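Counting starts at 1 for both ligands and their atoms, in listed order. For clarity, every value in this text was computed on a predicted model and none was experimentally measured.
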Amino acid sequence: MKKLILLSSALVVALSGCGKKETSTSEPSGGGGKSVSVGFSQIGAESAWRTANSQSIKDEAQKRGIKLVFSDAQQKQENQIKALRSFIAQNVDVIAFSPVVETGWEPVLQEIKQAGIPVILTDRAVDVSDPSLYATFIGSDFVEEGRRAAQWLADKTGGKAQIAELVGTPGSAPALDRKKGFEEVLAKYPDMKIIKSQSGDFTRAKGKEVMESFLKAPDAKQITALFAHNDDMALGAIQAMEEAGVKPGSEITIVSIDGVKAAFEAMTAGKLNCTVECNPLIGPQLFDSIDAVLAKKDLPRRIVVQEGVFDQSKAAAELPNRKY
Ligand code: GZL
């Protein structure tokens, strides 16, 4: 059975049943002709970043009077593929999605191409042989984010650190590329080494669980720094450190990525040392790209989101400005 929640501008009607994934359709208010319909397959709600990313997309669709069929895949690729196929069946005008991992998309993207529906990638990239399978990819430069995290840590520690690493979702573009960028910079610092590395799947709970296991290991005392691929895992690790009597942000220097509000609060409290921004608020850029695709205008193959680096020295001043 499927839980189907039909959202209109003023009324929410919850229909019966419960399903593995949530699909919602937001209908623009008011009359007028057939509105543009967009199918969006979202990875899930695994982190504060993801929640802000979803809200940015939903808000922008509402603002532009676009019918949005939004599907939450709960971090499962098979659910995303099902959603993409359902968008074909619904004959939406444009399909957009954030692919949970890089591979395994070619067959369904070929089906979408056959159906003549344009595709826009957001947030994460796919590894496909046929570049015509999507019109553009809007997202951050994850390799650069990894480089920025490593460079900040090298500057902070004078190039000396024994690093525990909390990796994102295995096979995902941010996990692969953040690690790649981090290790590229680390190669310049012989006294900086990753001594432990394990996936926390971008969630706070798993980040805590993995950090607990790092701290229970015989060589736990060797850890002087933590690199977390996102703030949620870093925040879980901070909880684990405190429960183990380890001072986060001083006994272990912590650098993470995303720049969510809770990271700024942790920096202000001295528990996190640095977060590298990864901007989730790409709703406006997504719908500008949708307009361009529908108007058959040229689009760049890659639209890079601009971002910064924030450490404790800037945290308190920047916190009030944070939108996610
Ligand atoms: C990055 C995004 C990552 C975030 C995590 O663009 O894909 O996924 O860094 C999120 O917080 O879960």
Review point. Got a salt bridge between Asp123 and Arg50, using NZ or NE/NH1/NH2 to carboxylate O under 4.0 Å?
Key: yes

Check your understanding: Quick one: ring-ring contact (aromatic ring centres under 6.0 Å, His included) pairs with a partner in residues 146-177, sequence neighbours left out?
Key -> none

Practice item. Going by the salt bridge (charged side-chain N to carboxylate O under 4.0 Å, His left out) test, name the single residue among Arg64, Lys296, Lys297 that passes it with Asp291. Key: Arg64

Tabulated below should be the N or O atoms of ligand 1 paired with protein N or O atoms at under 3.5 Å; can you produce that?
unit_1: ligand 1; atom_1: 6 (O); unit_2: Asp123; atom_2: OD1; d: 2.4
unit_1: ligand 1; atom_1: 7 (O); unit_2: Arg50; atom_2: NH2; d: 3.1
unit_1: ligand 1; atom_1: 7 (O); unit_2: Asp123; atom_2: OD1; d: 2.7
unit_1: ligand 1; atom_1: 7 (O); unit_2: Asp123; atom_2: OD2; d: 3.0
unit_1: ligand 1; atom_1: 7 (O); unit_2: Arg124; atom_2: NE; d: 2.7
unit_1: ligand 1; atom_1: 7 (O); unit_2: Arg124; atom_2: NH2; d: 3.3
unit_1: ligand 1; atom_1: 8 (O); unit_2: Arg50; atom_2: NH2; d: 3.0
unit_1: ligand 1; atom_1: 8 (O); unit_2: Arg124; atom_2: NH2; d: 2.8
unit_1: ligand 1; atom_1: 9 (O); unit_2: Arg178; atom_2: NH1; d: 2.8
unit_1: ligand 1; atom_1: 9 (O); unit_2: Arg178; atom_2: NH2; d: 3.2
unit_1: ligand 1; atom_1: 9 (O); unit_2: Asp258; atom_2: OD1; d: 2.6
unit_1: ligand 1; atom_1: 9 (O); unit_2: Asp258; atom_2: OD2; d: 3.4
unit_1: ligand 1; atom_1: 11 (O); unit_2: Ser47; atom_2: OG; d: 3.0
unit_1: ligand 1; atom_1: 11 (O); unit_2: Asn230; atom_2: ND2; d: 2.9
unit_1: ligand 1; atom_1: 11 (O); unit_2: Asp258; atom_2: OD2; d: 2.6
unit_1: ligand 1; atom_1: 12 (O); unit_2: Glu46; atom_2: OE2; d: 2.6
unit_1: ligand 1; atom_1: 12 (O); unit_2: Ser47; atom_2: OG; d: 3.0

Exercise for review: Examine Phe202 together with Trp49 and report whether their ring centres are nearer than 6.0 Å.
Suggested key: no

**Study point:** Exam field: side chain Asn273 to backbone Gly249, donor-acceptor pair closer than 3.5 Å
**Key:** yes

Exercise for review: Please test Val38 against Phe70 for side-chain contact (heavy atoms from CB on, under 4.5 Å), starting from the C-alpha separation and ending with a verdict.
Suggested key: CA-CA 8 Å; Val38 173; Phe70 184 92; over 6 Å; no

